[in-house]
Amino acid sequence: MNLPESLKYTKDHEWVKIEGNTAIVGITEFAQSELGDIVFVEIDTEDEALEKEEVFGTIEAVKTVSDLYMPLAGKIIEVNENLESQPELVNKEPYDGGWMVKIDIKDLAEVDTLISAEEYQALIS
């Protein structure tokens, strides 16, 4: 299982890459493998300010639909438009081309509430 050490994680199976005041968010390799083939990603919250753990979108696989949760409070400043025509990027490149949103982080101190790769590994084991 690929869990990059440079990323932070949530109990809801999102990964977070912090770049200054911006968080890039996607779902983990574990989450996409549990969901199966991704057929649709719906995120209609661009330019909205949401609180931590609020739903920012949904991801649909062949047999299920799952909510996507905000790992940090902030404003969604960009949505990965490639996922509209290529939702399978989430399966093929969960940590690269399959990212979901970029967030302008409301409170950087909240980053400390995220878990490390080691803690996430323990959670899914």
Side-chain angles (χ1 to χ4, degrees):
M1 184 72 49
N2 182 20
L3 290 174
E5 293 284 330
S6 60
L7 302 177
K8 296 288 193 177
Y9 299 87
T10 72
K11 62 178 175 45
D12 296 314
H13 310 291
E14 280 91 20
W15 59 261
V16 183
K17 181 178 184 181
I18 306 297
E19 293 182 343
N21 278 6
T22 302
I24 303 168
V25 180
I27 66 167
T28 64
E29 185 176 313
F30 172 80
Q32 67 80 25
S33 69
E34 291 290 302
L35 288 169
D37 292 336
I38 306 301
V39 295
F40 189 67
V41 177
E42 182 177 28
I43 302 169
D44 58 7
T45 49
E46 190 166 11
D47 295 325
E48 288 186 30
L50 300 170
E51 293 302 314
K52 181 179 177 169
E53 298 182 358
E54 275 193 88
V55 174
F56 71 82
T58 57
I59 188 165
E60 184 176 340
V62 175
K63 296 181 181 179
T64 189
V65 176
S66 292
D67 288 333
L68 298 165
Y69 297 97
M70 290 286 283
L72 303 163
K75 181 178 180 180
I76 295 183
I77 56 174
E78 187 177 343
V79 173
N80 185 350
E81 293 178 3
N82 293 329
L83 298 181
E84 283 183 37
S85 60
Q86 298 176 284
E88 69 276 5
L89 285 173
V90 176
N91 293 116
K92 292 178 183 172
E93 305 174 20
Y95 301 113
D96 296 309
W99 64 274
M100 310 257 166
V101 294
K102 292 184 181 178
I103 301 167
D104 181 27
I105 302 168
K106 181 177 174 181
D107 180 2
L108 279 173
E110 224 175 34
V111 172
D112 293 335
T113 66
L114 301 173
I115 59 178
S116 69
E118 185 178 319
E119 292 166 316
Y120 182 72
Q121 179 64 56
L123 179 74
I124 62 175
S125 295

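All heavy atoms count here, side chains included; hydrogens, waters and symmetry mates do not. All residue numbers in this chain count up from 1 along the given sequence.
In the hydrophobic clustering (ILVMFWY side chains linked at under 4.5 Å, chained through shared members), L7 is joined by M1, L3, Y9, W15, I24, F30, Y95, W99, I115, Y120, L123, I124.
Put simply, CG on D67 and CD on E53 are 12.5 Å apart, with the number rounded to the nearest 0.5 Å. To the nearest 0.5 angstrom, K11 atom NZ is 11.0 Å from L114 atom CG. Interatomic distance, E118 CD to E5 CD, rounded to the nearest 0.5 Å: 7.5 Å. Remark: T22 OG1 to I103 CD1 distance equals 9.5 Å, nearest 0.5 Å.
Of all heavy-atom pairs spanning G57 and V55, the tightest one is O-CG1, 3.4 Å. Of all heavy-atom pairs between P4 and A117, the closest is O-CB, 3.9 Å. Looking at every heavy atom in both residues, P71 comes nearest to T10 through CB-CG2, 3.5 Å. Closest approach of T113 to E110, counting heavy atoms only: OG1-O, 2.6 Å.
A 4.5 Å side-chain heavy-atom check between K102 and I77 finds at least one atom pair inside the cut-off. Looking at heavy atoms from C-beta onward, E51 lies in side-chain contact with K106 at the 4.5 angstrom threshold. Side-chain atoms of N2 and P94, non-hydrogen and from C-beta on, never get closer than 4.5 Å to each other.
Placement of V39 and L89 in two distinct hydrophobic clusters is found when ILVMFWY residues are connected by side-chain heavy-atom separations under 4.5 Å, directly or transitively.
Taking a 6.0 Å sphere around NZ of K52, one finds it holds more than 12 heavy atoms contributed by other residues, nucleotides or ligands.
A distance-only check finds no donor-acceptor pair linking the side chain of D12 to the backbone of E14 [under 3.5 Å]. The backbone N or O of L83 sits nowhere less than 3.5 Å from a side-chain atom of Q86 that would complete a donor-acceptor pair. Side-chain atoms of T45 come within 3.5 Å of backbone atoms of F56 as a donor-acceptor pair (strictly under, hydrogens ignored).
Scanning for side chain to side chain donor-acceptor pair (under 3.5 Å) contacts around D104 gives an empty result, with sequence neighbours left out. I18 is linked by a side chain to side chain contact (heavy atoms under 4.5 Å, CB included) to V16, A23, L72, I105, V111, counting only residues two or more places apart in sequence or in another chain. Listed by chain and residue number, nothing satisfies the side chain to side chain contact (heavy atoms under 4.5 Å, CB included) test with E84 (two or more places apart in sequence, or in another chain). By the side chain to side chain donor-acceptor pair (under 3.5 Å) test, K92 is found to be paired with no residue, residues two or more places apart in sequence or in another chain being considered.
Between the side chains of Q121 and S125, at least one donor N or O lies within less than 3.5 Å of an accepting N or O. Of the N and O atoms on the side chains of E119 and S116, at least one donor lies less than 3.5 Å from an acceptor on the other residue.
For the pairing with M70, the side-chain contact (heavy atoms from CB on, under 4.5 Å) check across I76, V25, V101 returns one residue only, I76. Paired with M100 under the rule side-chain contact (heavy atoms from CB on, under 4.5 Å), one option of N80, V79, I59 passes, and it is I59.
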### Query
Step by step, would you call I27 with H13 a side chain to side chain contact (heavy atoms under 4.5 Å, CB included)?
CA-CA 6 Å; I27 66 167; H13 310 291; 5.6 Å; no
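Residues in residues 31-50 take part in no salt bridge (charged side-chain N to carboxylate O under 4.0 Å, His left out) pair, two or more places apart or across chains.
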